[in-house]
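Structure first, commentary second.
Just so you know, ligand 1 is whichever comes first in the structure, and atom 1 is the first atom listed for that ligand.
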Amino acid sequence: MRSILLISSFATALNAASLHPKSDFKYLVTFGDSYTDNGRLNYYGSHQAHGPPPGVLPAETNVTASGGLTWPQYVRGSTGATLYDYAISGATCDNNNVARWAAFMNANFPSIITDEIPSFKNDRKTALYRGVTAANAVYALWIGTNDLSYTGILSDSQVAGTNITTYIDCLWSTFDAIYESGGRRFVILNLNALQLVGLYRPQSDGGAGDNQFWQNKTLYNQTEYAQKMLEYTTSANTIIDYGVPFNLLVKNRWPGAKIAIFDIHSFITEIYNKPKNFLEPPYNVKGFFHHCDVNGANCQDGPGSLDSYLWYDELHPSNKTDSLIAHEFIKVVSGDSKFGTYWGH
Ligand SMILES: CCCC(=O)Oc1ccc([N+](=O)[O-])cc1
């Protein structure tokens, strides 16, 4: 009985790869943090921590946390898809699990469950979504960098009683909400290889010292914390790998839906290991381009071109890397990426 179930799940996975119509990608709806935000936090920052009214899109920026465009903007540029981006810099999945204070707003950074999903649900009822169908819209979720961060689980700063499993459950709750609103095509981008970013890499291996995202890093055992970050991200990604087919196929949690897992962790690691296949010479995968003081002020860029860098700053992929993520994301949606795992009914 057990082997029959395994064989049938395997077949389901293979079939799903060919069920992504290459032409039917008219809308991209994104949820996440600064890896994805194209200007939404700016709106909250200038409107007393409130989001835009239903049916109104905030102004976009072309200088995001990547130093330029962010990956969904590149996806839109390449595919012509309409983009609705709910991602907010600084966001966690749910402020009821990990909340992070944004002093400039005198409020917590908005989170997916408390702000991004309610905004999406309100917009969903407006003319913005008139042409959106289950078949022509792809919903992308990339969240967790702040949940696991030094201001989150890494320093045991989560709400008492919550943990990595709570973060994972929030991913499934996010899919529940999108599914309820008619979404059927999901891409989950897993956790970045955070042990490689300057923020968590030890200084002995070219990482940053005290910085705007971790102001007293030099007081810690940096090798231990890089290893913890590797443990957290790889363990959470393994739970995602098993959790998607379990919820979708065994528990039948989202009947009729298709989900692709985009293994960003491996994709970024590939850029790190083989930069000449991706970046402009002279390749720089250990340093970063944008250097600021611990208050995020007095910033200086370079040396060289941002196109040579894997990372923009201590935490964020460069906009060259975001263009590569976008290129691979489009292959994931088409069912053509070796970094995609596909599940569906
Ligand atoms: C990928 C998660 C890191 C993140 O969200 O970083 C940021 C947090 C806050 C700001 N901000 O307040 O401008 C920017 C990036």
Show your working on salt bridge (charged side-chain N to carboxylate O under 4.0 Å, His left out) between E60 and R40 and close with a plain yes or no. CA-CA 7 Å; E60 277 191 38; R40 204 170 173 87; over 6 Å; no
Using side-chain heavy atoms (C-beta onward) and a distance below 4.5 Å, is S173 in contact with I113?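 Yes, side chains in contact.
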Identify, with sequence neighbours excluded, every residue that meets side-chain contact (heavy atoms from CB on, under 4.5 Å) alongside S155.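 Residues passing side-chain contact (heavy atoms from CB on, under 4.5 Å) with S155: Y150, S157.
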Shared-cluster residues of W101, by chain and number - hydrophobic side chains joined below 4.5 Å: none
I need the full list of disulfide bond (SG atoms under 2.5 Å apart) pairs touching residues 211-299, with sequence neighbours left out, sorted by first then second residue.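 Sorted pair list: C292-C299.
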Compute whether any side-chain donor of one residue and acceptor of the other, for D24 and N136, lie under 3.5 angstrom apart.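 No - no donor-acceptor pair under 3.5 Å links their side chains.
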Atom pairs and distances, ligand 1 N/O vs protein N/O under 3.5 Å:
| from | atom 1 | to | atom 2 | distance (Å) |
| --- | --- | --- | --- | --- |
| ligand 1 | 5 (O) | S34 | N | 3.4 |
| ligand 1 | 5 (O) | S34 | OG | 2.6 |
| ligand 1 | 5 (O) | G90 | N | 2.7 |
| ligand 1 | 5 (O) | N146 | ND2 | 3.0 |
| ligand 1 | 6 (O) | S34 | OG | 2.8 |
| ligand 1 | 6 (O) | H316 | NE2 | 3.3 |

